Amino acid sequence: MNQKKFNKNITCTQMEDTAENTMQQKGSSNKFLSYKFEIMDDENIYSISFDAELAQEETKKMLESVQNCLYEKTADYIQKYLEQSNIAYTGFVASRKPLSHSRTIELAKMFLHSENDSSLDIYTSNADIYYAIIDHQQSDNKNNCEGCYIVIQKIPALNKFQHKYNIIGQTFSYSETNNDEYGYFAIRVNKDNGLVNNITMSSGEPVLPSFGCVDMLGILLNIDSIQTVEQIEKIAVK
């Protein structure tokens with residue numbers, strides 16, 4: 001399997017294996033919101049959290065700053081962006097933990113199939129603003145492969161309900177023996193009644209390729225505007 005990268009043309013120095021790494025702190029404010037970023041690759045979950053106050057466009061610029069690095073270097077790039085942009089923050093914590101296949105698929109199904117946002121709120125309750133990428137696949141000894149591509153955005157809502165979720169993702173399976181491939185794809189958003197609706201959904205032939213390079217960060221950066229399969233294919237598949 002190819003090493004996962006935000007940009008397949010650029011490589012970065014690999015992070016040393018640390019259980020948890022507490023970073024430098026700067027400033028404090030009652031207006032600070034809690035931010036959490038999670039990246040789940042085939043074997044690990046990389047988490048970054050801190051408190052700050054960023055406009056949504058500033059958050060997207062921060063995410064753009066990590067497009068040229070490997071997943072495990074994301075924390076370094078995010079902290080560097082905060083420092084160089086003179087953004088006050090506090091409580092910056094980065095961690096890497098093992099992630100099992102079963103747990104990854106469990107989370108994928110929750111985000112793609114939950115009918116209301118209460119279960120999503122339980123998982124993301126420790127963050128006012130939450131971004132995630134799930135980029136995972138695993139094969140067994142019978143030449144079967146199962147995996148998922150998912151991006152998630154949770155931001156404060158301006159109207160009466162508390163948070164807005166945008167979710168785009170696909171679960172897929174592939175049998176090399178039978179050459180059978182199946183995918184479930186959905187673009188989702190929650191409404192002010194708490195229900196999570198599919199803007200579009202398809203099952204059968206996968207929308208995103210089961211193998212190859214999928215621009216996960218490109219999807220996340222454009223998650224507010226993507227509403228069709230044609231849009232996702234144009235952005236995600238290079």
Side-chain angles (χ1 to χ4, degrees), residues 1-9 11-12 14-20 37-48 69-75 94-115 119-120 122-124 130-152 167-188 196 198 200-220 223 229 232-233 235-238:
M1 183 184 302
N2 294 332
Q3 173 69 50
K4 298 293 195 301
K5 302 175 184 177
F6 283 138
N7 186 326
K8 65 180 179 180
N9 297 318
T11 58
C12 301
Q14 189 169 0
M15 176 183 288
E16 293 182 2
D17 188 9
T18 56
E20 190 163 3
F37 302 86
E38 289 190 317
I39 302 169
M40 306 178 201
D41 72 353
D42 293 332
E43 298 178 351
N44 299 290
I45 177 169
Y46 300 93
S47 297
I48 303 106
C69 76
L70 299 174
Y71 287 163
E72 56 261 41
K73 295 295 294 181
T74 305
S95 67
R96 176 171 68 179
K97 298 178 181 179
L99 184 67
S100 68
H101 175 69
S102 59
R103 177 58 174 162
T104 308
I105 296 302
E106 177 186 335
L107 289 172
K109 290 179 178 179
M110 180 190 72
F111 281 111
L112 289 179
H113 297 284
S114 292
E115 295 182 355
S119 58
L120 309 182
I122 292 172
Y123 182 79
T124 66
Y130 175 83
Y131 285 86
I133 288 175
I134 308 178
D135 186 356
H136 169 82
Q137 55 184 289
Q138 179 173 290
S139 299
D140 61 21
N141 56 11
K142 297 181 180 179
N143 297 319
N144 298 313
C145 179
E146 183 180 44
C148 57
Y149 298 113
I150 300 174
V151 295
I152 304 125
I167 302 165
I168 300 176
Q170 173 180 278
T171 52
F172 60 86
S173 60
Y174 174 74
S175 171
E176 186 175 336
T177 302
N178 301 322
N179 201 30
D180 289 335
E181 192 173 23
Y182 176 82
Y184 175 88
F185 173 86
I187 301 174
R188 319 193 74 205
V196 184
N198 292 331
T200 187
M201 184 273 290
S202 68
S203 59
E205 183 179 351
V207 171
L208 300 174
S210 302
F211 301 95
C213 182
V214 175
D215 186 358
M216 301 296 289
L217 186 61
I219 303 173
L220 188 59
I223 196 168
V229 168
I232 195 76
E233 290 177 332
I235 292 170
V237 183
K238 303 299 182 182

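Since we're looking at a predicted model, the values are computed, not measured. For reference, positions follow the sequence shown, starting with 1.
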What do you reckon, is CD of E106 surrounded by more than 12 foreign heavy atoms closer than 6.0 Å? yes
Of all the heavy-atom pairs spanning V229 and I232, show the shortest one and how long it is. O-CG2, 2.9 Å
Over all atoms of both residues, closest heavy-atom pair of P98 and I45: O-CG2, 4.3 Å
Kindly compute the distance separating CG (L107) from CG (L112), expressed to the nearest 0.5 Å. 10.5 Å
Do the rings of Y123 and Y130 sit parallel, tilted or perpendicular, given the 30° and 60° boundaries? perpendicular
Would a line drawn from the ring center of F185 to the ring center of F172 be shorter than 6.0 Å? no
Between M216 and I134, what is the shortest heavy-atom contact and its length? CE-O, 3.4 Å
Please find the pair of heavy atoms, one from P206 and one from G183, that lie closest to each other, and give the distance. CG-N, 3.8 Å
Across all chains, not counting sequence neighbours, the side chain to side chain contact (heavy atoms under 4.5 Å, CB included) partners of N198 are Y184, A186, R188, M201
Within a strict 4.5 Å, meaning less than it, do heavy atoms of the L120 and I167 side chains meet? yes
Are I105 and T171 packed together at the side-chain level, in the sense that at least one heavy-atom pair is separated by less than 4.5 angstrom? no
Could you report the tightest heavy-atom contact between S114 and V196, atom names first, then the distance? O-CB, 3.6 Å
Using a 3.5 Å distance criterion without hydrogens, assess whether the side chain of Q138 forms a donor-acceptor pair with backbone atoms of H101. no
For S173, what residues pass the side chain to side chain contact (heavy atoms under 4.5 Å, CB included) criterion, not counting sequence neighbours? Y182
Side chain to side chain contact (heavy atoms under 4.5 Å, CB included) assessment of I219 paired with I133: CA-CA 10 Å; I219 303 173; I133 288 175; over 6 Å; no
Working for side chain to side chain contact (heavy atoms under 4.5 Å, CB included), residues L220 and Y131: CA-CA 8 Å; L220 188 59; Y131 285 86; 3.7 Å; yes
Are N44 and Y71 close enough that a side-chain donor and a side-chain acceptor fall under 3.5 Å? no
In this structure, OH of Y46 is separated from CG of L70 (nearest 0.5 Å) by 8.5 Å
Between Y149 and P209, is there a donor-acceptor pair closer than 3.5 Å when you use the side chain of the first and the backbone of the second? yes
Taking only residues two or more places apart in sequence, or in another chain, which ones meet E181 in a salt bridge (charged side-chain N to carboxylate O under 4.0 Å, His left out)? none
In Å and rounded to the nearest 0.5 Å, what is the OG to CE distance from S119 to M110? 6.0 Å
Derivation of the side chain to side chain contact (heavy atoms under 4.5 Å, CB included) call for D135 and I39: CA-CA 8 Å; D135 186 356; I39 302 169; over 6 Å; no
Between the CE atom in M40 and the CD1 atom in I152, the distance rounded to the nearest 0.5 Å is 6.0 Å
Interatomic distance, CD1@I168 vs CD1@I235, rounded to 0.5 Å, equals 7.5 Å
Smallest heavy-atom separation, S202 atom then V207 atom, equals OG-CG2, 3.4 Å
Just verifying a value: how many Å separate S47 OG and R96 CZ, rounded to the nearest 0.5 Å? 12.0 Å
